[in-house]
Amino acid sequence: MKYVLVTGGVVSGLGKGVTASSIGLLLQACGLRVTSIKIDPYLNTDAGTMSPFEHGEVYVLDDGGEVDLDLGNYERFLDIKLTRDNNITTGKIYQSVIEKERRGDYLGKTVQVVPHITDAIQEWIERVAKIPVDGKEGPADVCVIELGGTIGDIESMPFIEALGQFSYRVGPGNFCLVHVSLVPILNVVGEQKTKPTQHSVRQLRGLGLFPNLLACRCSKELDGSTKAKLAQFCHVPLSNVLTLHDVPNIWHIPLLLKDQKAHESILKALNLPGVAAKPNLKEWTVRTKNYDKCHETVRIAMVGKYTGLSDAYLSVLKALLHASVAHNRKLIVDWVPAGDLEDGTYGEDPKAHTAAWTLLKGANGVLVPGGFGDRGVQGKTLAAKYAREHNVPYLGICLGMQIAVIEFARSVLGLHGATSAEFDPETKTPCVVFMPEGSKTHMGGTMRLGSRTTYFQVADCKSAKLYGNVSSVDERHRHRYEVNPDMVSQLESAGLSFVGKDETGSRMEIVELPSHPFFIGVQFHPEFKSRPGKPAPLFSGLIAAACEPKRTVTMPGNGHTNKIPNGIYNGHSPIRKAHQNGNGFISSNGSLNGVFTNGNGVYVDGSC
């Protein structure tokens, strides 16, 4: 087994995850089998109980693992299926060591960070690296490991010590270290500054890890003199100093590495130059160029409560992007804070209320993603009502499906008190109820998680057609509440159709409104299985419906109805702040992480 370790220095958010994924893709293109491991030094056992404001979305794997969003990058770039053990945390390591100590496995010895914690880390890496993740038998050829955080962080010290020992243990020719660092350009002098990277590498070397390659993040391509200086002071060959400058979209990153022959340097360090073939990235290159040529836009209103942090909906953004590129459209995401749509906001902040409705009514399609808690629920319900009544394409995911059912019960069945037991445990009209197998005392790992099978009940429904007329589909879940099975017949008699159910037939998985051009809600999370070149079917359906030529929309404030091509509002939407979205790469027009504002919403560029 060969190992590639990716570390980061100077600041966080440089794009270690994208760099690690791109390296994996490049090695895959050379004919090697690749697996990935993400190390997160926090004490949490997993990401399941953390707020999206802490680390972005919680990514869910087939086996039900709730993991860091970087594992989503790995799966999307490499088209593999990882396991919960591919995400190592301090909590998992300490828990395993303490369990061994309680069993008496250490035979009365004093249990210490060195050697017991460091040994546990190394054993975990070796064990997980052998698990096949590409559907083939036997272990992969190369394991790409990303160490989260920044060199110098106190919480990552046990991992750095363990990885230093590990590199010595596996020996030369089996271990390659790529250090991602920042080369800033100070506006005052306009010069590329190497000192931060020099200090970061010096600190790394002092901790027992010696980089084979430097991947330098900079707004512009590195000058020859800058690369020479870094090579000299960081003890790295000049050919191994790579520049990762800002690009139009991050699908260019693997191509950027290939153009600089990064694969040759890595293969040489791993003693594989004669084994691997030349990288074949033809399909990836064509897809990247096709995306760059997309000019006609499609606007999707994302109605949620974490709209100030796009990381919270990272996989949803990627799935929308994959579908948009497949339909030759440039994606514009209009972030609509759900709370701003509510009537109460009109009295408190009428400008925010008007702006939110302007964005919603100017969109070609509406998406309500998953979430927890009652904040913004009324706004999401109003968005679902607007989409249903105005024939606007709608996709509700997890909570978004439950919201669609609640809105239908209130508006069509006249059950004005209809709601979810999550929001009102005492409600007399629970459209959504707590699942009987769930736990009300423990939060971590107690939801309905991972891949489950959904069986289609209606052969010619829109969802079944999008999935290729199959009888069932396997999708990933993460929820505690479900549609109340006792209300299904009442809802269906009024026009809703629950076209997908679980194996028992009592758990609702997919709901459609047959009379609507595209109104679908799903209890699962289809975004987790979307891939570049293989968009999730339901997202593809949403974008296709949103691309229909013309529809009539009503703009708030003047009461007039305007014919608008593709439903695009011809005025100005408020500029929303662009936030970090988990890849750390800036597009060539100066936007952060490929998410940029232009006065008419937020573009999302090609991040996988």
Side-chain angles (χ1 to χ4, degrees), residues 6-20 22 146-154 156 177-207 209-250 252-253 255-257 259-260 262 265 309-311 575-598 602-603 605-607:
V6 178
T7 59
V10 184
V11 295
S12 60
L14 287 177
K16 295 189 303 296
V18 172
T19 303
S22 299
E146 179 193 348
L147 175 61
T150 306
I151 294 301
D153 294 345
I154 190 168
S156 63
L177 172 54
V178 181
H179 187 58
V180 183
S181 188
L182 177 67
V183 178
I185 298 177
L186 301 183
N187 291 334
V188 179
V189 293
E191 180 187 359
Q192 294 175 339
K193 308 301 290 186
T194 64
K195 197 65 71 178
T197 297
Q198 290 182 45
H199 285 303
S200 179
V201 171
R202 185 178 296 118
Q203 188 173 19
L204 187 64
R205 292 170 66 87
L207 294 169
L209 288 170
F210 304 90
N212 300 90
L213 292 87
L214 293 180
C216 301
R217 286 286 294 111
C218 190
S219 58
K220 298 179 181 178
E221 189 172 352
L222 293 187
D223 298 331
S225 59
T226 302
K227 294 180 73 172
K229 193 173 184 180
L230 286 168
Q232 181 180 6
F233 284 94
C234 297
H235 304 177
V236 172
L238 183 61
S239 60
N240 290 11
V241 179
L242 310 175
T243 173
L244 296 180
H245 55 80
D246 296 347
V247 290
N249 68 72
I250 66 165
H252 284 275
I253 300 302
L255 306 179
L256 201 59
L257 292 173
D259 290 343
Q260 297 175 80
S265 299
L309 181 70
S310 57
D311 264 3
I575 298 177
R576 303 200 63 80
K577 185 178 179 182
H579 293 267
Q580 184 174 335
N581 75 347
N583 59 51
F585 284 90
I586 304 174
S587 64
S588 57
N589 62 0
S591 61
L592 179 62
N593 304 315
V595 179
F596 62 91
T597 58
N598 69 343
V602 182
Y603 276 91
D605 270 355
S607 49

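A side-chain N or O of S265 and one of N240 form a donor-acceptor pair less than 3.5 Å apart. Side-chain N/O atoms of T226 and Q192 include a donor and acceptor closer than 3.5 Å. A donor and an acceptor atom, one from each side chain of H179 and S200, are located under 3.5 Å apart.
The number of heavy-atom neighbours closer than 6.0 Å to CG of L186, taken from other residues, nucleotides and ligands shown, is above 12.
The main-chain N or O of L222 is found under 3.5 Å from a side-chain atom of T243 such that the two form a donor-acceptor pair. The backbone N or O of L230 lies less than 3.5 Å from no partner atom in the side chain of T194, so there is not a single donor-acceptor pair. At least one donor-acceptor pair closer than 3.5 Å links the side chain of R217 to the backbone N or O of L14. In terms of modelled atom types and a separation under 3.5 Å, the side chain of D259 and the main chain of L256 share no donor-acceptor contact. Side-chain atoms of K16 come within 3.5 Å of backbone N or O of G149 as a donor-acceptor pair.
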Requested in this report: Before giving the answer on side-chain contact (heavy atoms from CB on, under 4.5 Å), spell out for C218 and L244 the whole-Å C-alpha distance, their side-chain angles and the decisive distance to 0.1 Å.
Outcome: CA-CA 6 Å; C218 190; L244 296 180; over 6 Å; no
**Report entry** V178/N212 under side-chain contact (heavy atoms from CB on, under 4.5 Å): CA gap, chis, key distance, verdict
**Finding:** CA-CA 6 Å; V178 181; N212 300 90; over 6 Å; no
Query raised in the report: Would I185 and K220 satisfy side-chain contact (heavy atoms from CB on, under 4.5 Å), going step by step from the backbone distance to the final call?
Result: CA-CA 9 Å; I185 298 177; K220 298 179 181 178; 4.2 Å; yes
Query raised in the report: Given R205 and V201, is the side-chain contact (heavy atoms from CB on, under 4.5 Å) satisfied, shown in steps?
Result: CA-CA 6 Å; R205 292 170 66 87; V201 171; 3.8 Å; yes
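Applying the side-chain contact (heavy atoms from CB on, under 4.5 Å) test between L242 and each of L213, V236, L214 identifies L213 as the sole match.
Between V6 and L147, every side-chain heavy-atom pair lies at or beyond the 4.5 Å cut-off. Between L204 and T7 the shortest side-chain heavy-atom distance falls below 4.5 Å. With contacts defined as side-chain heavy-atom distances shorter than 4.5 Å, the pair P196/P184 qualifies. Between V183 and V10 there is no side-chain heavy-atom pair separated by less than 4.5 Å.
For the atom pair NZ (K229) and CG (L238), the distance works out to 14.5 Å, reported to the nearest 0.5 Å. Atom-to-atom distance recorded for H245:NE2 and C216:SG is 12.0 Å, nearest 0.5 angstrom. Residue Q232 holds its CD atom at 15.5 Å from NZ of K227, rounded to the nearest 0.5 Å.
Nearest heavy atom pair, residue S181 against residue T197, reads OG-OG1, 2.8 Å. Among all heavy-atom pairs drawn from A20 and E146, the shortest one is CB-CB, 4.4 Å.
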